[in-house]
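Input: a single structure, listed below in structure tokens.
Here is how names work: the chains are called A, B, and so on, in the same order as the sequence lines, proteins then strands, and each is numbered from 1. All heavy atoms count here, side chains included; hydrogens, waters and symmetry mates do not.
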Amino acid sequence: MDPEIKEVLKGIKGNRDFYPEDYAEIKLIFDAMHTVSKQFGYELYEGPILEFAKLIEYKSGRALADETYRLFDREERKLVLRPEMTPSLARLISNQHQRYPKPLRWYSIPRVFRDETPQRGRVKEHFQFNADIFGVDHPAADAEIIAVTTNIIKTSGLKTGEFVCVINSRDLLQNYIEFLKISNHLDVIRIIDSKGKFVQTAIEAELKEKGSSLNEAKEHAQLLRTVWHQDPQITKVYPEIDKHPNLSSYLNKLTEIEEQEVKKAMEEANLDSAQISKLFEFSLMKGKPRDVIASLRALDVNEKITKAIDNLEELITYLEIFEVAQDCEFDMSIARGLDYYTGIVFEFLDRTGSVARAIAGGGRYDKLVEDLGGGKIPSTGIGMGETVLLSILKALNRTPPYTHPSQIYVGIIAENVIQETAEIVNKLRKSYSVLFNPFGWKLSRQLEDANSRSIPLMVIIGKRDLEENKVTLRDMKTGEQEAILLSELELKIKEKLSL
RNA sequence: GCCCCGAUAGUAUAGCGGCUAGUAUUGUGGAUUGUGGCUCCAUAGAGGCAGGUUCGAAUCUUGCUCGGGGCACCA
């Protein structure tokens, strides 16, 4: 074979082929997305895969722009393969939202692209469910988005306790930082957002000092972080850690180390000791929504912050109404990377320990449409790639085995009954998926064909039966069959398939 | 961008300096002209790419490509 062709046949790195069995797996998730979106009254839309590079750069910040696939059109204008849907969506809304009564509830399952190194739960192209509400800034809208996402995750096969939605309010965090009279917001938010990393970095450095190799130190520090993340109280025994005596000594000190390191980083950001202890305490607040609200209420703060807390509390009320509160936690330390979030932010995390990435993430972005010249339109929404959810489901063995779409195989015995058979096939196809291979094959081959595709029922049509207005209906699993009148065929099929 | 592991028919694998590259399964055709899953026969199909070492490379080696995993990043 031509070597060049051989290379081409391998495809582009990180991009995916979906054979029917593969597509069937994703379709499970797609179906959940469509079903739930419909239940909540969301309308389907789509946008172009290509956008001007400027739109993405303008909106998503540079880090994201660096990872996009770039190309040029004939006029040499810079284009990108969309790395996410929100910029395109904001463009659609900004252009024509006046045509529609508010609020808008829209969803889509766009294929999006990022030119980054593939890892578990991360590929260069994937399908990313998006659901957004435009035109209301009521917390019930944020709660609804969370409810939609939770329901999709559950419909796909995860159960309560196997995932969690962690929620925070950027508004609250920002106002609290201002209240403490801290000036360099962004640095401080970054410190809080990446809290968990400090522990890893510190332990890694210490292990190296104690003589571990670079790779070993990295690996061990990460192991500790992962365990700690899954099980903060260290309630279980971890054999993989106990194997290394120098690691197990860290297990009970992780919380302490984190505090030290975070405070050190805050000091370096020029915070005074009063600010540090208050902010640190604040960042530790997390857990069941009602509990966190209670702790927040105990803080002595100003009116702006009280309002933000009221807002959070109202959010919980709606989470309870939508029956998803048990899947949610508040965590005052999450901030999320994207610059455009303004209020409630949230991410859905795996709790089964199989994938260390977020299943979904979203939040309120009230300024984005306005920034694109579309007027003041408060907005909230979610993005959920299919890859992380799918790899969790696979790890749990929750994906069903592949089945051929056809329910009935119509077999024909090679005599002159083609015309009559075609009529029967067409009639059946009005209600069922029917496979029919009228290529002059012998019956044995047709039986084998039906069998190899695991099609449950077979209708066999031959001249002798047909003369009495009958056909044979065969159950492929049991091998039982009977000759039945044509007029009763549909009824019998219905009975058989509903078993 | 960095690190680790890997790459032989569609799939799963054997060979590890001297092969007509073995096996299983899958595909196709048949044995079997009104009844499949078994069996049998036939047939098709492979060492990612480029270079180096060597008399000789699927086998050793280097680079690249692709795949898996991790870091950083991102979410």
Which whole number of Å gives the distance between the [atom1] atom of [N] and that of [M]?
{"N": "B/U59", "M": "B/A50", "atom1": "P", "value": "13 Å"}
{"N": "B/A44", "M": "B/A9", "atom1": "C1'", "value": "10 Å"}
{"N": "B/G37", "M": "B/G27", "atom1": "P", "value": "13 Å"}
{"N": "B/C4", "M": "B/A12", "atom1": "C1'", "value": "25 Å"}
{"N": "B/G45", "M": "B/A24", "atom1": "C1'", "value": "14 Å"}
{"N": "B/G69", "M": "B/G10", "atom1": "C1'", "value": "26 Å"}
{"N": "B/G63", "M": "B/A46", "atom1": "C1'", "value": "24 Å"}
{"N": "B/G56", "M": "B/C16", "atom1": "C1'", "value": "16 Å"}

Atom pair distance, as rounded to whole Å: [atom1] in [X] and [atom2] in [N]:
{"X": "A/Arg453", "N": "B/G36", "atom1": "CZ", "atom2": "P", "result": "18 Å"}
{"X": "A/Leu473", "N": "B/U35", "atom1": "CG", "atom2": "C1'", "result": "14 Å"}
{"X": "A/Asn451", "N": "B/U26", "atom1": "CG", "atom2": "C1'", "result": "15 Å"}
{"X": "A/Tyr69", "N": "B/C74", "atom1": "OH", "atom2": "P", "result": "19 Å"}
{"X": "A/Glu21", "N": "B/G10", "atom1": "CD", "atom2": "C1'", "result": "11 Å"}
{"X": "A/Glu84", "N": "B/A75", "atom1": "CD", "atom2": "P", "result": "9 Å"}
{"X": "A/Glu448", "N": "B/C40", "atom1": "CD", "atom2": "P", "result": "14 Å"}
{"X": "A/Ile412", "N": "B/G36", "atom1": "CD1", "atom2": "C1'", "result": "18 Å"}

Can a salt bridge be assigned to the pair [X] and [Y] using a cut-off of 4.0 Å between side-chain N and carboxylate O?
{"X": "A/Asp475", "Y": "A/Lys477", "answer": "no"}
{"X": "A/Arg16", "Y": "A/Glu125", "answer": "no"}
{"X": "A/Glu482", "Y": "A/Arg474", "answer": "no"}

Under 3.5 Å for both donor-acceptor distances, Watson-Crick or wobble: does [N] have a partner, and if so which one?
{"N": "B/G48", "value": "B/C64"}
{"N": "B/U11", "value": "B/A24"}
{"N": "B/G1", "value": "B/C71"}
{"N": "B/G36", "value": "none"}
{"N": "B/G17", "value": "none"}
{"N": "B/G56", "value": "none"}

Is any side-chain heavy atom of A/Thr472 less than 4.5 Å from a side-chain heavy atom of A/Asp465?
-> yes
A/Arg114 side chain, from C-beta outward: closest of B/C74, B/U32, B/G34 | B/C74
Nearest to side-chain heavy atoms of A/Met476, which nucleotide of B/A75, B/G36, B/U35 | B/G36
Side chain A/Gln407, main chain A/Ser433, donor-acceptor under 3.5 Å | yes
hbond_proxy [X] side chain to [N] base (donor-acceptor, 3.5 Å cutoff):
{"X": "A/Asp449", "N": "B/G36", "value": "no"}
{"X": "A/Gln446", "N": "B/U35", "value": "no"}
{"X": "A/Arg474", "N": "B/G36", "value": "yes"}

Geometric class of the A/Phe134/A/Tyr365 ring pair [parallel <30°, tilted 30-60°, perpendicular >60°] = perpendicular
Aromatic rings A/Tyr45 and A/Trp106: how do their planes relate, parallel, tilted or perpendicular, breaks at 30° and 60°?
-> tilted
Hey, is the side chain of A/Lys442 poking within less than 4.0 Å of OP1 or OP2 on B/A31, counting only N and O atoms?
-> yes
Would you say a side-chain N or O of A/Arg445 is under 4.0 Å from OP1 or OP2 of B/U32?
-> no
Walking RNA chain B from its 5' end, the first of A/Ser452 and A/Gly479 to be reached, judged by nearest nucleotide, is A/Ser452
Touch class at under 4.0 angstrom, heavy-atom based, for A/Met458 against every strand present = nothing
